[in-house]
Amino acid sequence: MKAIVVLSLLLVLMGCSGGLNSKDEPISPNAANSTNELKQPIGIETTNVTFNDFIVPSEYQLKRDLSHSDIDATYRLYEFEVGNSLQEIEDWIRSESSRLGGEIMERYTFDTKSEESRDLIVELPSKVEPRIISTYTPRYMDKKHLVIEETLIKQLRTIDQNYEDHALVIYTPTENGLTKESFKGNYYHQHTDIFSVYFYTQAFFQELIEVNKYNLELKYDMTKDELDYTVGYFDKEGNEMDPYDITDENRDDFTFGIQLKKDFLPRDETQRELILFNWAKTVLIGDKADSRVYEGSEKVNFLSEGKVFKSFTLHELVE
């Protein structure tokens, strides 16, 4: 009997459905301005304003600057580590948006009483296609982050407080043992943990195999394949359970995760661990369109026939 491998993820993922087929390519704006250098005020008549025109406080530490384009839009992701309070971050976004002639909307998730979410949408002046920025404020333990997704929309759509984009950062191992980051501007997502893990896992293997040309044999395309893994709740023997049968009383008897129908991972232990680490990181913290608090104790467990052989905490996964 082939070994059954399960990836157990102690997390709840949020989102809803979005785009799927896409291709990475650079876009024109330069990296975010990280100085307090004074700029001349820009009035509402100014056209083609981008996030690059924002005066970014010097204490904001740029963690990533990634770009992506598909048939619907061109996207750019900026992620900063910030020390400011949510109110200070919100005030800065509102002030700069107003200075540049942007129109501000509070996303449906915006909550002034929340310690997590002050999500905003800003429509910036643009000559042709609509250009918006979305803001999110996740916190990784004691580190507050500000995520800005800038979108130049090619296909006209309604922009209101219910508009959703869905930035996904995908982490994959390189040949020299480092981690490569790539970005999808509006990837498939869901409000359910099971489907979110399916979508993020597919994105991980698409990047690893189709883009990075990693030699790994498995079926992962949800549109055409019977997958070589199953996402769900499993008992100690690896039997999949109906999620509607999981209750608060019996939850500890089951493991939520990804169960491999065959062991398709590399035999080399170093490569095997690198894939598991980056796969877990993509599933657990790749979602950048979520202003949630990560405590650091969230854990990703890898199991074989019900036994854990490797685990990572969020504390080990984040920078």
Side-chain angles (χ1 to χ4, degrees), residues 2-9 11 13 15 17-25 66 68-70 75 77 166-190 192-232 234 238 240 255-289 300-304 309-312 317:
K2 295 184 178 179
I4 297 176
V5 182
V6 178
L7 162 61
S8 172
L9 310 165
L11 73 158
L13 297 170
S17 58
L20 178 60
N21 296 319
S22 56
K23 181 181 74 172
D24 287 327
E25 60 182 53
L66 302 170
H68 167 232
S69 184
D70 60 25
Y75 312 90
L77 180 77
H166 202 270
L168 178 67
V169 173
I170 305 162
Y171 305 91
T172 51
T174 63
E175 292 181 356
N176 57 3
L178 301 177
T179 294
K180 171 190 171 185
E181 294 185 357
S182 54
F183 158 60
K184 302 301 180 187
N186 194 25
Y187 200 77
Y188 265 139
H189 48 287
Q190 259 287 347
T192 62
D193 49 6
I194 291 177
F195 280 101
S196 290
V197 176
Y198 268 125
F199 294 145
Y200 301 161
T201 293
Q202 175 179 265
F204 172 76
F205 284 115
Q206 282 178 326
E207 190 70 19
L208 182 69
I209 296 172
E210 298 175 23
V211 179
N212 299 1
K213 307 302 180 183
Y214 197 101
N215 185 22
L216 206 62
E217 295 293 330
L218 77 150
K219 296 176 181 178
Y220 57 87
D221 188 338
M222 296 172 63
T223 65
K224 61 183 180 183
D225 291 333
E226 180 180 346
L227 306 180
D228 284 332
Y229 50 83
T230 303
V231 179
F234 305 94
E240 184 181 4
T255 300
F256 173 72
I258 305 170
Q259 180 165 272
L260 277 63
K261 296 178 182 177
K262 67 174 185 178
D263 187 356
F264 50 75
L265 296 171
R267 298 304 173 194
D268 178 82
E269 286 300 321
T270 300
Q271 291 300 313
R272 189 182 185 91
E273 181 159 334
L274 283 171
I275 286 179
L276 293 173
F277 178 90
N278 287 281
W279 182 359
K281 191 170 183 177
T282 298
V283 168
L284 188 58
I285 61 173
D287 179 4
K288 295 300 177 181
V300 178
N301 296 314
F302 295 90
L303 298 90
S304 176
F309 65 87
K310 186 68 179 179
S311 64
F312 300 100
L317 294 172

Phe264 side, atom CZ; Asp228 side, atom CG - distance, nearest 0.5 Å: 6.5 Å
With the side chain counted from C-beta on, respond yes when Tyr187 and Ile170 share a heavy-atom pair under 4.5 Å apart, and no when they do not. no
Hey, what do you get for CD1 (Ile258) to OH (Tyr200), rounding to the nearest 0.5 Å? 12.5 Å
Can a donor-acceptor pair be found, under 3.5 Å and without considering hydrogens, that links the side chain of Arg272 to the backbone of Arg267? no
Minimal heavy-atom distance between Leu77 and Lys288, with the atoms involved, is CD2-CG, 4.4 Å
Mind listing the closest non-hydrogen atom pair of His166 and Asn186 along with its distance? N-OD1, 3.1 Å
Counting C-beta onward and ignoring hydrogens, is there a side-chain heavy-atom pair between Lys180 and Val211 closer than 4.5 Å? yes
Side chains of Asn278 and Phe204, heavy atoms from C-beta outward: is any pair under 4.5 Å? yes
How far apart are the closest heavy atoms of Leu216 and Ile209, and which atoms are they? O-CD1, 3.7 Å
Quick one: are Leu168 and Phe199 in side-chain contact, heavy atoms under 4.5 Å? no
Considering all heavy atoms, the nearest Gly257-Phe234 contact: O-CE1, 3.4 Å
Under a 3.5 Å cutoff, is there a donor and acceptor pairing between the side chains of Ser182 and Glu207? yes
Measure up the Phe205 and Trp279 rings against each other and bin them: parallel (under 30°), tilted (30 to 60°), perpendicular (over 60°). perpendicular
Using a 4.5 Å cut-off on heavy atoms from C-beta on, say whether the side chain of Tyr220 contacts that of Tyr229. yes
Is any side-chain heavy atom of His68 less than 4.5 Å from a side-chain heavy atom of Tyr75? yes
Does atom CG (Asp268) have a neighbourhood of more than 12 heavy atoms from anything else shown, all under 6.0 Å? yes
State, yes or no, whether a side-chain contact exists between Leu260 and Leu218 at a heavy-atom distance under 4.5 Å. no
Measuring from Thr172:OG1 to Leu178:CG, what's the distance to the nearest 0.5 Å? 11.0 Å
Nearest 0.5 Å, what's the CD-OG1 distance between Gln259 and Thr230? 6.5 Å
Give a yes or no on whether the backbone of Leu317 and the side-chain of Lys281 come within a donor-acceptor separation of less than 3.5 Å. yes
Does Thr179 offer a backbone N or O that forms a donor-acceptor pair with the side chain of Tyr171 under 3.5 Å? no
Taking atom OG1 of Thr282 and atom CD of Gln202, what is their separation to the nearest 0.5 Å? 13.0 Å
Aromatic ring pairing Phe312/Phe277, orientation class (parallel under 30°, perpendicular over 60°, tilted between): perpendicular
Beyond-backbone contact of Leu208 with Pro173, side-chain heavy atoms, under 4.5 angstrom: yes
So OH of Tyr188 and CE of Met222: to nearest 0.5 Å the spacing works out to 8.5 Å
